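Read through the structure below, which is laid out as structure tokens, and then see the notes.
By convention here, the first residue in the shown sequence is residue 1. Being a predicted model, the structure only gives us computed values, none of them experimental.
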Amino acid sequence: MSALFACEDPATWRSVYGKYWDVVEAKSKSKKPGKLLNLDKWYQEELPTLISSRPDIHVTQPELVKLMEWKLTRGKFRPRLQQLVASNSEDTVETCSRKAFSLLPDVQAAIAELSSLKGVGPATASAMLAAGAPEQAAFMSDEAMESVPGLKPIQYTAKHYTLYLGKMVECTEKLNKVDPQQDWTPHRLELCLWALTTAKQHQLPLLKDVDVKEKSSDADTRPTKKLKTR
């Protein structure tokens, strides 16, 4: 578990969030220079704008293909998934994603709907939802999952995603209660956890000055609030 997840100081989280793009840029230099940075800029900034600008919120087939490329560049590369995702028709992707977004705030139902697409499991489905509804979903990244208590061994199932998101939502609510800006979302928390874990894995000095303190030692034992669905 990451000490950051147990931290209830918004300033600490914000200091990590402020270094996010520095970590992306540093990691981007390690393989295929610039590719991750360009894809991440697209996923974090362009894609959400595109999705939200549509009267009926959905993701297009080319966007899903590019999202998968981003996911595999940011995490573990699995070439077979890229081929499977590309085999979905444009109509299927748009119809399926349109229905999934309409099912929110029932995240479990939305994940199940998106998982009917070829090559799409809970992790990719969560990335689609986080791009269009960052206040309700968080990407199921390896780095964030490993940072949250009570999730090991990590499983890439819908049930495990519900556990993960429930803890992320609970943490988001705690931060927004004590932070006057109240701009924390499950998606933003994932960015912070990914940045801190990645910086440590790659021994990047970018976050060495971040002082992460746990508010209480029983963070692992507190019961998790169930994710509300309807």
Exercise for review: Report yes if the side chains of L114 and S97 come closer than 4.5 Å at any heavy-atom pair, otherwise no.
Suggested key: yes
Practice item. Report, as yes or no, whether the 6.0 Å neighbourhood of atom NZ on K27 holds more than 12 heavy atoms from other residues, nucleotides or ligands. Key: yes
Review point. Any side-chain donor paired with an acceptor under 3.5 Å for E135 and T185?
Key: no
Review point. Side chains of T60 and E63: do they bring a donor and an acceptor to under 3.5 Å?
Key: yes
Review point. Do W42 side-chain atoms and L67 backbone N/O form a donor-acceptor pair below 3.5 Å?
Key: no
Review point. Between the main-chain N or O of L151 and the side-chain N or O of H160, is there a donor-acceptor pair closer than 3.5 Å?
Key: yes
Practice item. Would you mind reporting whether R74 and S141 have side-chain heavy atoms less than 4.5 Å apart? Key: yes
Check your understanding: Just wondering, do L196 and S147 contact through their side chains at under 4.5 Å, heavy atoms?
Key -> no
Practice item. Could you walk me through whether C171 and W13 pass the side-chain contact (heavy atoms from CB on, under 4.5 Å) test, one step at a time? Key: CA-CA 11 Å; C171 187; W13 281 88; 3.8 Å; yes
Review point. With no hydrogens and no angle check, do the side chains of D40 and Y20 hold a donor and an acceptor under 3.5 Å apart?
Key: yes
Practice item. For Q44 and H187, run side-chain contact (heavy atoms from CB on, under 4.5 Å): C-alpha distance rounded to whole Å, both residues' side-chain angles, the deciding distance at 0.1 Å, then the answer. Key: CA-CA 10 Å; Q44 308 293 353; H187 171 63; 3.0 Å; yes
Exercise for review: Indicate yes or no: at least one non-hydrogen side-chain atom of L193 is less than 4.5 angstrom from one of E143.
Suggested key: no
Practice item. Find out whether K35 and E69 are in side-chain contact, i.e. whether some heavy atom of one side chain is under 4.5 Å from a heavy atom of the other. Key: yes
Point to revise | NZ/NE/NH1/NH2 to OD/OE distance under 4.0 Å, D183 and R14 | key: yes
Exercise for review: Heavy atoms only: give me the nearest F101-G132 pair and the separation to one decimal.
Suggested key: CE2-CA, 3.7 Å
Point to revise | Atom of V169, atom of P186 and distance for their closest heavy-atom approach | key: CG2-CG, 4.1 Å
Exercise for review: Please report the closest heavy-atom contact between A158 and I111, naming both atoms and the distance.
Suggested key: CB-CG2, 4.4 Å
Review point. Does E25 offer a backbone N or O that forms a donor-acceptor pair with the side chain of S28 under 3.5 Å?
Key: no
Practice item. For the pair K152 and E146, find out whether any cationic side-chain nitrogen is under 4.0 Å from an anionic carboxylate oxygen. Key: no
Review point. I57 versus R98: any side-chain heavy-atom pair under 4.5 Å?
Key: no
Review point. Is the NZ or CZ atom of K41 both under 6.0 Å from the centre of the six-membered ring of W21 and within 45° of that ring's axis?
Key: yes
Check your understanding: Only one of N176, D179, T172 clears side chain to side chain donor-acceptor pair (under 3.5 Å) with W184; which?
Key -> D179
Point to revise | side chain to side chain contact (heavy atoms under 4.5 Å, CB included) partner of M140, chosen from E190, M168, M145 | key: M145
Check your understanding: Between the side chain of S87 and the main-chain N/O of L84, is any donor-acceptor distance below 3.5 Å?
Key -> yes
Check your understanding: Any side-chain heavy-atom pair from L81 and K71 closer than 4.5 angstrom?
Key -> yes
Exercise for review: Go through the side-chain N and O atoms of Q61 and S89 and say whether any donor and acceptor fall under 3.5 Å apart.
Suggested key: no
Exercise for review: State, with a plain yes or no, whether a side-chain heavy atom of L163 is found less than 4.5 Å away from one of V148.
Suggested key: no
Check your understanding: Should F139 and L129 be marked as a side-chain contact (heavy atoms from CB on, under 4.5 Å) after you check the CA-CA gap, both sets of side-chain angles, and the distance that decides it?
Key -> CA-CA 8 Å; F139 173 45; L129 294 179; over 6 Å; no
